[in-house]
There are 2 protein chains.
Amino acid sequence: MTGPALRDWRSVRDEVLRRIRAREWAPGELIPNEADLAVEFGCARTTVNRALRAVAERGLLDRRRKAGSRVAVLPAATAKLAIPVIRKEVEALGRTYAHRLMERCEAAPPETVARAMRVPAGAGLLRVRALHLADGGPYAFEDRWINTIAVPGAADQSFDRVSSNEWLLENAPYTHGEIAFSASKASAGEAGLIGCARGAALFVLDRLTWDGAASVTKVRIAFAPGHRLRTVL
Amino acid sequence: MTGPALRDWRSVRDEVLRRIRAREWAPGELIPNEADLAVEFGCARTTVNRALRAVAERGLLDRRRKAGSRVAVLPAATAKLAIPVIRKEVEALGRTYAHRLMERCEAAPPETVARAMRVPAGAGLLRVRALHLADGGPYAFEDRWINTIAVPGAADQSFDRVSSNEWLLENAPYTHGEIAFSASKASAGEAGLIGCARGAALFVLDRLTWDGAASVTKVRIAFAPGHRLRTVL
DNA sequence: CGCCGCATTATGTGCATACATAAAGCCACG
DNA sequence: CGTGGCTTTATGTATGCACATAATGCGGCG
């Protein structure tokens, strides 16, 4: 059963994946340690380590020092989502992108927004509302609050040529953030802008980004009905 | 500017991230090559390589042989989604999980399903419909088709004790699959089962998994209103 | 002047080795 | 009999080196 030596880490990774899928190593079971596998595969332990690390990143192995590596029992399917700039997303569909700025003003945010962004209740934030278009039709509606203290340049931007979505990604560095997806019924206002029936089910993305302790921007993007977020496993 | 030597790859990674965020290395710009960075940081090139690879995986660097590494211009925010078994998801919320099997029968799938799963139009598939409950209330409704040829054991499972969701993840290996998220209005049937108003906006997950060339299962899970899929950036 | 191919160069990977670190589990001691 | 601490072990990582691979871009040739 000692086939040809598996000398590169991708081969080792693939062989490990095969054994897991084929149940040669059953869920919950401890697999041989790196040194033994290295001997079996005829390669260096470093190579086995690289391979096992890759498998563990996919969630199919649980690794712990001293305890060894065991096959994950209920591997949470992990999907790597790429959330591109909306312009890119539209263009990737072979459609023509455009955007229309609906509103741009300085305003005090509602209490929920102020709390989420951790800014004083009366603080003036920049509010931008804009429609993203694909082939001239509504694609998504964006409702955004920008912390102009964290993003100084934003106050000077009109956002009529470059969308705030895109401008911020290029110009507002962030250290971390959260994204949430949900479904929501279209309000009367949204229905009018997006061009759908009132009460239609909209796919909604909420994103809040931070630069250290300061919030950068909070945005809600409601996509036109039919929008799907796809990914491969 | 030669601070204390950055000897481990995490430090190097963090320093690289800092420089990108601080615009010391501007978007689109070519960064120094690995060898030079290794000299600057006082570590081996291998270590720099490991660090840059990690940054590239986050999407903040584009690396190409010979061309070098350049800072990504529009880094598509990449989020790693973990889609756990529903029972785990509910329990992670500190709620009590239960599930109720609504239907389990062998049937010929509608044409759209047959085509998506690439099975003959008249083929008999196992259909399972079940409700997932949290603290006794509806959490999600699952409508599933199982290819019993690809998953032999499934025909003998009643799915009344262990949900098909969980049983399949443990027992049906797959090589790849697709997931799509969308929003959909609750049909009359769904509304009744989930206990929401008809026409409510539901967050829907569609998953189709494959084992090589054979489809394993196709499932649509509609979550109760208010459900959010969260992830960090 | 244009195009092709090869030299150059930056990243990608494998290996042997050494040491770091976490933690399981045993043993001695109370 | 319980427990704290030490030993052992498996993974984690740093390093120097060598060679693989891709692709750029220059130089030579038609």
Side-chain angles (χ1 to χ4, degrees), chain A residues 2-17 19-20 24-73 75 80, chain B residues 2-17 19-20 24-73 75 80:
Chain A
T2 47
L6 304 175
R7 328 199 90 268
D8 66 282
W9 74 270
R10 287 161 195 276
S11 311
V12 172
R13 177 199 60 191
D14 292 345
E15 172 62 11
V16 168
L17 287 172
R19 292 185 186 185
I20 292 175
E24 285 179 29
W25 292 337
E29 189 180 315
L30 211 56
I31 74 172
N33 71 38
E34 294 184 349
D36 290 350
L37 287 175
V39 171
E40 183 193 338
F41 293 145
C43 65
R45 184 172 76 90
T46 322
T47 307
V48 174
N49 182 284
R50 182 89 156 82
L52 294 187
R53 211 179 343 121
V55 176
E57 267 169 27
R58 290 200 194 181
L60 272 76
L61 276 180
D62 290 329
R63 316 191 72 201
R64 270 165 61 211
R65 277 177 174 162
K66 159 72 184 172
S69 303
R70 55 182 66 241
V71 180
V73 180
K80 201 176 157 194
Chain B
T2 47
L6 304 175
R7 330 197 88 269
D8 66 283
W9 74 270
R10 287 160 194 277
S11 312
V12 173
R13 177 200 59 191
D14 292 345
E15 171 62 11
V16 168
L17 287 173
R19 291 187 186 184
I20 292 175
E24 285 179 29
W25 293 336
E29 189 179 314
L30 211 55
I31 75 171
N33 71 39
E34 295 184 349
D36 291 348
L37 287 175
V39 171
E40 184 192 338
F41 292 145
C43 65
R45 184 173 75 90
T46 321
T47 307
V48 174
N49 181 285
R50 181 91 157 79
L52 294 187
R53 215 184 332 128
V55 177
E57 267 169 28
R58 289 200 194 182
L60 272 77
L61 276 181
D62 289 328
R63 315 192 72 200
R64 270 165 60 211
R65 280 179 172 158
K66 159 71 184 172
S69 303
R70 56 181 67 240
V71 179
V73 180
K80 201 176 159 196

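Letters A, B, ... mirror the listed sequences (proteins, then strands); counts begin at 1. This is a predicted model, so every value here is computed, not measured.
- Distance alone, capped at 3.5 Å, places no donor-acceptor pair between the R45(A) side chain and the A35(A) backbone.
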Please list, one pair per line, the donor and acceptor atoms closer than 3.5 Å that link side chains of residues 59-68 of chain A to other protein atoms, with sequence neighbours excluded.
unit_1	atom_1	unit_2	atom_2	d
R63(A)	NE	S69(A)	OG	3.1
R63(A)	NH2	E34(A)	OE2	2.4

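- Using a 4.0 Å cut-off between charged nitrogen and carboxylate oxygen, R19(A) and E15(A) count as a salt-bridge pair.
- In this view, S11(B) and L6(B), D8(B) satisfy the side chain to side chain contact (heavy atoms under 4.5 Å, CB included) rule, not counting sequence neighbours.
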When you compare the protein's N or O atoms with those of nucleotides 11-14 of chain D, which come within less than 3.5 Å of each other, and at what distance?
unit_1	atom_1	unit_2	atom_2	d
dT11(D)	OP2	E34(A)	N	2.9
dT11(D)	O2	R65(A)	NE	3.4
dG12(D)	OP2	R63(A)	NH1	2.5
dG12(D)	O4'	R65(A)	NE	3.2
dG12(D)	O4'	R65(A)	NH2	2.6
dG12(D)	O6	R45(A)	NH2	2.8
dT13(D)	OP1	R10(B)	NH2	3.0
dT13(D)	OP2	R50(B)	NH2	3.2
dT13(D)	O4	R45(A)	NH2	3.2
dA14(D)	OP1	W9(B)	N	2.6

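- Among residues two or more places apart in sequence or in another chain, the salt bridge (Lys or Arg N to Asp or Glu O under 4.0 Å) test is passed with R50(B) by none.
- The side chain to side chain contact (heavy atoms under 4.5 Å, CB included) search around R13(B) returns W9(B), R10(B), L17(B), A51(B), A54(B), V55(B), R58(B), not counting sequence neighbours.
- Under the side chain to side chain contact (heavy atoms under 4.5 Å, CB included) criterion, E29(B) pairs with W25(B), A26(B), sequence neighbours left out.
- Along DNA chain C, the stretch of nucleotides lying under 4.0 Å from any heavy atom of chain B spans, 5' to 3', dT9(C) to dT13(C).
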